[in-house]
Each structure stands twice: as structure tokens, then as C-alpha cells.
K.L.:
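Here it is, the structure, as C-alpha cells.
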Amino acid sequence: MADVRVRFSPAPSGSLHVGSAHTALFNWLFARHHGGTFILRVEDTDVTRSRAKWVEGIQTTMAWLGLDWDEGPVLQSTRFSRYLAAADQLIASGHAYECYCTEEELKARNEAAMAAGRPPGYDGHCRDLSPDERAALAAEGRTASIRFRTPDDGVSTFDDLIRGEVSVEWTHIADFVIVRSGGTPLFFLANALDDLEMAITHVIRGEDLLDSTHRVLALRAALGAPDRSVYAHLPLLVGADRGKLSKRHGAVALEDFRDRGYLPEALFNYLALLGWSPDDDREIMSRDELVAAFDLSGVTHSAAFFDYQKLDWFNGQYFRKLPTKEYEALVKPLLPSVDDPGLVSMIATTTQSRVVTLDQVVEMSDFLFSDPEMTPETQELLAETPRVAEVLDAVITHIEQCDWTVDGIAFQPVIKELGLKPKQVMPALYAAVEGRPAGLPLFDSMHALGRERTLDLLRKARAAVPGDG
RNA sequence: GCCCCCAUCGUCUAGCGGCCCAGGACGCUGCCCUUUCAAGGCGGUAACGGGGAUUCGAAUUCCCCUGGGGGCACCA
């Protein structure tokens with residue numbers, strides 16, 4: 001497939017939904033796999049307002065994910081008059097007609113149809129008006145919308161690259177509007193014409209658009225398409241209740257994932273494996289590997305649940321794979337400004353295997369920047385720990401005299417000498433120093449804090465031990 | 001209501017008539033490692049929605065049912 005041309009067509013909005021990103025990703029993988037062209041085309045036929053800022057946001061987000069485009073962004077609003085000319089052409093060829101029904105009339109007739117058990121949709125009211133009838137309706141002050149005339153009978157069939165043959169009887173597809181009575185073209189028309197004129201060869205999109213493909217194909221044919229472009233419909237992404245992925249399931253805008261500290265490579269990898277899998281068992285795959293392995297025939301047919309837990313796992317995997325220096329560079333800007341490179345490096349090396357999303361680094365290392373409070377939880381923990389006063393005294397003595405290196409601080413022997421196991425008393429010591437029963441390695445943390453602050457924290461804990469104080 | 005699509009562990013999926021009393025991954029869980037927690041290593045748990053049919057043989061083919069999703073706009 002030498003001349004593959006695909007496009008990703010987001011609606012102009014303030015953010016990029018993960019579902020859209022998923023579609024974009026598959027289009028991109030397909031284009032790159034076949035050495036084709038990937039076009040960014042923003043769907044907006046409204047010329048009355050500028051959405052420059054939103055378009056810019058879409059570009060930024062796509063670039064962040066690593067989806068580069070070869071052409072565009074093409075804005076539909078710049079092609080407004082072209083769409084209207086096409087509509088006129090369709091009227092002239094008999095593929096479309098002017099409809100004088102008002103919105104209220106349509107609504108009333110739709111409701112009546114539903115009540116009578118018939119399907120909603122245009123009833124063909126203005127289908128075959130004579131020129132005189134049209135003139136009379138126009139004289140009433142009505143303005144016409146333009147409707148596409150769908151076939152009266154027969155079956156519409158097309159081969160979906162993922163699902164195979166899909167067909168439906170034309171009687172189920174009503175005539176649809178392509179130009180509003182206000183004179184503005186609808187997305188449907190714009191989309192079909194753009195795909196045609198941009199020589200799009202493959203249209204890869206969400207399954208929610210499956211039914212409308214029959215209409216697009218009919219429109220394309222009426223517009224004079226020499227052949228059909230090939231369609232492929234991807235499984236939808238769903239949330240916890242198997243419905244559309246929405247905000248109440250968690251983050252849905254790609255920008256949110258970015259802001260929460262997800263790595264684009266991890267998101268990319270995870271998204272690529274939602275609804276698709278390679279021939280082998282690989283899961284952690286680079287962009288290049290994904291491009292090389294990608295194949296539409298490997299796409300699943302059923303909706304995929306967007307699993308935040310698995311995404312977290314991917315993100316952790318990617319953090320661990322990162323060279324420590326690169327990881328450190330990501331961590332540094334998040335921390336309170338410090339001029340101690342040793343501290344930053346200590347935080348980086350100790351958090352790299354512990355972090356799921358980057359923003360957790362701040363929480364994990366907070367005790368290094370401000371002393372933890374003596375909380376009821378910590379007090380309870382101290383009270384529950386066996387021989388805690390003894391342990392604290394011994395550790396304090398050790399810290400007072402030891403070599404001030406991480407190895408010198410290591411006080412397991414002190415615990416063992418008391419006949420205790422580290423596991424029995426460590427949570428209390430972590431709480432005393434870090435403010436929580438588990439956290440960054442204690443000896444490194446103490447070293448970073450310095451002898452005086454460490455002793456201060458340990459003595460505070462000692463003073464908080466109830467009973468034999 | 002009508003039309004369309006879909007159906008394997010809780011989740012993402014492998015499977016395209018015998019290699020499957022179903023494989024991998026996440027999750028959960030046990031053990032090991034270990035200064036805590038992670039990470040890592042080694043195990044465990046758990047699925048072919050139901051019913052017919054075809055076949056020597058069905059997760060895999062066909063039909064029905066059930067279930068889920070999507071669509072039916074002068075939205076994109």
C-alpha cells in the first residue's frame with residue numbers, strides 16, 4: 001500500500017479526549033506503518049468564530065503524545081464556499097433537494113411517528129416538490145435546507161477493514177440534511193467532500209460512526225468519487241459501567257494525563273494495546289516497534305475498558321526504564337527549589353522504582369522539605385511498637401556517634417542487638433522521621449536530613465512515647 | 001420503537017476445527033529478596049453467556065435466545 005493517506009479529524013474543543021487520541025493513534029500507526037501520509041484536519045464548518053487557541057491546543061497535545069502530522073492543520077472553515085458549491089451541484093444532479101420543513105414541524109412529525117411505532121427520521125415530505133410548490137413555500141418566508149436523497153430500496157453494503165461486510169437496507173436510512181436552512185454546511189457534507197478532495201484512502205474511526213458510513217459512501221458516490229475509500233471502525237473505549245468513557249471514571253482529557261505526570265510513551269503504548277495486539281506476547285513496546293508491528297487485522301471487534309490500573313503499571317515500567325539522569329531532569333522542576341544537587345539526586349534514585357505517576361514524587365519526599373507533624377497515627381504506632389523507648393534510645397545513641405555516611409547510619413545491628421527484628425520496629429522509625437510508616441529508604445533520608453535534624457526528629461518521637469516517658 | 005455492531009479470566013487480550021480440561025499481561029494473592037514501602041524473581045487465583053445444529057472432533061462454523069454497546073438530529 002504505497003499511497004496511504006489518512007486523516008485525523010478532531011472537533012475543535014479545549015481538550016483532546018482519550019477516545020479521540022485513541023483514534024488518532026491508530027490512524028497514525030497505520031500511516032507510519034505503510035509509509036503514508038498523516039493529515040490533521042480540524043472539523044469546524046463554522047466561519048463565524050475563531051478557534052485558533054483550541055486548534056493550537058490540539059496540536060500541542062498531539063505533539064506531546066508523539067503524533068506528528070505531514071499535512072495540516074487543515075481548517076474546514078476555510079473551505080466553506082466549496083461545500084456550498086458541492087451542495088448546489090448535488091441539487092442539480094438530483095441527488096439532493098430543498099426542504100422547506102421547519103424544525104418545529106419536523107419535531108412534531110418525528111414525535112408522531114415514534115408514538116405510532118414508526119422509526120424517527122425524515123419522512124420525505126419535501127422530496128418531490130414541483131418548482132411551483134417550492135416557490136409558494138419560499139413566498140411564505142420559509143428558507144430551505146438541503147437534504148440528501150437516499151435510495152428508496154436496495155441494500156447498502158461495504159467492506160469494513162476490521163469487521164468485514166456490513167450492510168443495511170436503505171429503507172432504514174432517511175434523507176438527511178447537508179446544508180442548514182441558515183445556509184451553513186453540515187459536518188457530514190464537509191467531511192465527505194474533504195476526504196474526496198484530499199484523496200484520503202483509508203478512514204479509520206470509532207465504531208459510533210459505523211452506521212453513518214452508508215450515508216457517507218452514498219454522498220461520496222454522488223459527489224463523483226471514482227472509487228470508495230476504505231473504512232475501518234475501531235472498538236469504542238468504555239468506562240467502569242461499560243458506557244462511554246466520561247469524567248466520572250477519572251481523567252479523560254489527554255491534557256489531564258500529562259498534568260498528572262504520565263509519560264507520553266507510556267500512554268502511547270497503553271493506548272496502542274487497547275483494541276489491538278501484536279502477533280506475539282509483547283506489551284512494552286516502543287513507538288518504532290509498534291509502527292513496525294501494527295496491522296489493522298489485529299484490531300479487536302468489541303469495546304475496550306479503559307483500565308487506569310494497567311495504565312499505571314505501564315507508566316511505572318517506563319519510569320524504571322528511564323536513565324536515571326533523564327528521570328532526575330523530570331523530577332527536579334517539581335521539587336521546592338533547592339541548590340543541593342545531592343538531595344535532588346537522592347530523591348531521584350530513591351523514587352524511581354516507587355513512583356507510578358510523577359506527581360507522587362512531591363508527596364513521597366515532602367518530609368525532606370518540612371518536618372512532619374506528630375500525628376495521632378504516629379503516636380498510635382509508637383505505642384504499638386515493642387520496646388519502642390529502648391529502641392529509640394539505642395538508635396539515637398547510634399546516630400549521635402556513627403560515621404555520617406549512609407552505610408554508617410545503617411543501624412540494623414542495633415535493632416538486632418536488642419533481640420528485635422527490623423520489621424517489628426521500622427514502621428515506627430519511618431513514622432518518626434518521614435511522617436508515615438513506610439517511605440523512601442530511611443538511611444538515605446536521614447543522611448539527606450543531616451545529623452541534627454534527624455536527632456531532633458528521633459528525640460521528638462522519644463518524647464511522644466507514652467507511659468515510661 | 002426500529003436498525004447496526006459486538007460477546008474468552010474482574011480488566012486488556014491470544015486463540016482463526018484437533019497443538020486448549022484455553023496461553024500472556026494488569027489486578028488480587030503466596031513465597032523469596034529486603035532497613036519500611038516499592039521494585040525485582042518464582043508460584044497461585046480466575047474465563048470460552050445459554051440452547052440447538054454441522055463434524056469423528058468446536059472457544060473456533062451456522063441458527064436462535066440472552067446480554068452489552070452504538071446509531072436513528074438543521075451536533076461534530
Side-chain angles (χ1 to χ4, degrees), chain A residues 9-13 43-46 76 99 101-103 106-107 110 113-122 143-147 160 163 166-169 171-174 176-184 186-188 190-191 206-214 233 235-236 238 240 242-244 270 273-284 298 300-314 316-317 319-320 350-356 364 409-412 415 421-423 425-431 434 436-445:
Chain A
S9 311
S13 85
E43 307 282 338
D44 186 11
T45 57
D46 191 340
Q76 289 194 326
C99 170
C101 299
T102 63
E103 242 175 299
L106 291 170
K107 203 177 166 194
N110 261 333
M114 296 246 261
R118 285 178 285 119
Y122 192 64
T143 51
S145 61
I146 301 174
R147 269 180 201 280
D160 187 286
R163 282 150 215 280
V166 178
S167 61
V168 64
E169 288 177 32
T171 52
H172 294 299
I173 303 175
F176 55 94
V177 173
I178 54 178
V179 177
R180 295 182 183 88
S181 54
T184 57
L186 256 70
F187 152 79
F188 227 99
N191 190 66
E207 199 208 311
D208 51 337
L209 296 168
L210 185 63
D211 288 307
S212 70
T213 304
H214 297 96
H233 289 90
L236 258 25
V238 298
R242 290 262 133 200
K244 269 190 175 171
Y270 175 63
L273 259 33
L274 261 188
W276 176 80
S277 63
D279 292 333
D280 47 44
D281 279 342
R282 283 180 297 166
E283 295 224 286
I284 300 290
T300 316
H301 296 185
S302 50
F305 175 91
F306 190 91
D307 188 355
Y308 291 88
Q309 282 188 313
K310 188 147 187 179
L311 172 62
D312 283 350
W313 177 79
F314 269 100
Q317 290 293 314
F319 275 132
R320 263 151 252 142
T350 54
T351 56
Q352 190 166 10
S353 70
R354 274 162 247 267
V355 94
V356 169
M364 278 191 259
I409 292 166
F411 54 74
Q412 309 95 300
I415 307 294
K421 293 192 168 164
K423 233 178 182 129
V425 300
M426 276 301 183
L429 292 164
Y430 271 84
E434 302 192 14
R436 51 181 76 88
L440 302 187
L442 191 57
F443 309 150
D444 297 86
S445 301

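Remember, predicted model here, so these are calculated numbers, not experimental data. In what follows, chains are A, B, ... by sequence order, proteins preceding strands, each numbered from 1.
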K.L.:
With nearest nucleotide decided by heavy atoms, which residue, A/S277 or A/L442, maps closer to the 5′ end of RNA chain B?
P.N.:
A/S277
K.L.:
Show each protein N/O and nucleotides 40-51 of chain B N/O combination with a separation under 3.5 Å, one pair to a line.
P.N.:
residue, atom, partner, partner atom, Å
B/rG40, OP1, A/Q317, NE2, 3.0

K.L.:
Can you tell me, in whole Å, how much space there is between the C1' of B/rC64 and that of B/rC74?
P.N.:
41 Å
K.L.:
Got a sec: does the CG of A/D280 have more than 12 other heavy atoms crowding it under 6.0 Å?
P.N.:
yes
K.L.:
Take nucleotides 68-76 of chain B nucleotide by nucleotide from the 5' end and write B, S or -, depending on whether a protein heavy atom sits under 4.0 Å from the base, only from the sugar-phosphate, or from neither.
P.N.:
-BBSBSBSB
K.L.:
Specify the separation, in whole Å, of atom CG of A/D281 and atom P of B/rC26.
P.N.:
12 Å
K.L.:
In the strands shown, is B/rG1 matched to any nucleotide by a Watson-Crick or G-U wobble pair with both distances under 3.5 Å, and which?
P.N.:
B/rC72
K.L.:
Are the side chains of A/F188 and A/S212 in contact, using a 4.5 Å heavy-atom criterion?
P.N.:
yes
K.L.:
Measuring only between side-chain heavy atoms, which start at C-beta, is A/H214 closer than 4.5 Å to A/H172?
P.N.:
no
K.L.:
What is the nucleic acid contact for A/S13, judged by heavy atoms within less than 4.0 Å: base, sugar-phosphate only, or nothing?
P.N.:
nothing
K.L.:
Let me know the distance between CG of A/D280 and P of B/rG15, rounded to the nearest Å.
P.N.:
11 Å
K.L.:
Testing the basics here: between A/S9 and A/E43, what is the closest heavy-atom pair and its distance to 0.1 Å?
P.N.:
CB-OE2, 2.6 Å
K.L.:
With rounding to whole Å, what would you report as the distance between B/rA25 and B/rG44 at their C1' atoms?
P.N.:
16 Å
K.L.:
Roughly how many Å apart are B/rA14 and B/rC48, using the C1' atom of each and rounding to a whole number?
P.N.:
13 Å
K.L.:
Determine the interatomic distance between C1' on B/rG43 and the same-named atom on B/rC62; round to the nearest Å.
P.N.:
42 Å
K.L.:
Could you tell me whether the side-chain ring of A/F443 sits stacked on the base of B/rU35, using a centroid cut-off under 5.5 Å and a plane angle under 30°?
P.N.:
yes
K.L.:
Determine whether A/V166 and A/H233 make a side-chain contact, defined as any pair of heavy atoms from C-beta on separated by less than 4.5 Å.
P.N.:
no
K.L.:
Between A/S353 and B/rA38, is there a side-chain N or O to OP1/OP2 distance below 4.0 Å?
P.N.:
no
K.L.:
Using a 4.0 Å heavy-atom cut-off across all strands, classify A/D444 as base, sugar-phosphate, or nothing.
P.N.:
base
K.L.:
Within the 4.0 Å heavy-atom criterion, would you say A/P427 contacts the bases, only the backbone, or no part of the nucleic acid?
P.N.:
nothing
K.L.:
Below 4.5 Å, heavy atoms only, C-beta onward: do A/K244 and A/L236 meet side chain to side chain?
P.N.:
no
K.L.:
Determine the interplanar angle of the A/Y270 and A/F306 rings, folded into 0 to 90°, and report it as parallel if under 30°, tilted if 30 to 60°, perpendicular if over 60°.
P.N.:
perpendicular
K.L.:
If you measure from the P atom in B/rC26 to the same atom in B/rG18, how many Å do you get, rounded?
P.N.:
29 Å
K.L.:
Calculate the interatomic distance between A/F305 atom CZ and B/rC12 atom P; express it in whole Å.
P.N.:
7 Å
K.L.:
Take the protein atom CZ of A/R354 and the nucleotide atom C1' of B/rC37, then report the distance between them rounded to whole Å.
P.N.:
6 Å
K.L.:
Considering only atom C1', compute the distance from B/rG10 to B/rU29 and round it to an integer number of Å.
P.N.:
14 Å
K.L.:
Grab the CD1-C1' distance between A/I284 and B/rA39 for me, whole Å please.
P.N.:
14 Å
K.L.:
Are the side chains of A/F176 and A/L186 in contact, using a 4.5 Å heavy-atom criterion?
P.N.:
no
K.L.:
Whom does B/rA7 pair with, Watson-Crick or G-U wobble, provided both distances fall under 3.5 Å?
P.N.:
B/rU66
K.L.:
Using heavy atoms to find the nearest nucleotide of RNA chain B for A/V166 and A/E283 separately, return the residue whose nucleotide is more 5′.
P.N.:
A/V166
K.L.:
What does A/G275 touch in the nucleic acid at a heavy-atom separation under 4.0 angstrom: a base, only the sugar-phosphate, or nothing?
P.N.:
sugar-phosphate
K.L.:
Using atom P of each nucleotide, how far apart are B/rC21 and B/rC16 to the nearest Å?
P.N.:
14 Å
K.L.:
Using a heavy-atom cut-off of under 4.0 Å over every strand shown, decide if A/A304 touches base, sugar-phosphate, or nothing.
P.N.:
sugar-phosphate
K.L.:
Give the rounded distance in Å between these two atoms: CG of A/D312 and C1' of B/rC28.
P.N.:
15 Å
K.L.:
For the pair made of CG in A/D307 and P in B/rC9, what is the distance, rounded to whole Å?
P.N.:
14 Å
K.L.:
What integer number of Å spans the P atoms of B/rU8 and B/rU13?
P.N.:
9 Å
K.L.:
Measuring only between side-chain heavy atoms, which start at C-beta, is A/F443 closer than 4.5 Å to A/Q412?
P.N.:
yes
K.L.:
Side chains of A/T184 and A/D46: closer than 4.5 Å at any heavy-atom pair?
P.N.:
no
K.L.:
Atom OH of A/Y430 to atom P of B/rU34: distance rounded to whole Å?
P.N.:
14 Å
K.L.:
Can you check whether A/G121's main-chain N or O pairs, donor with acceptor, with A/N110's side chain at less than 3.5 Å?
P.N.:
yes
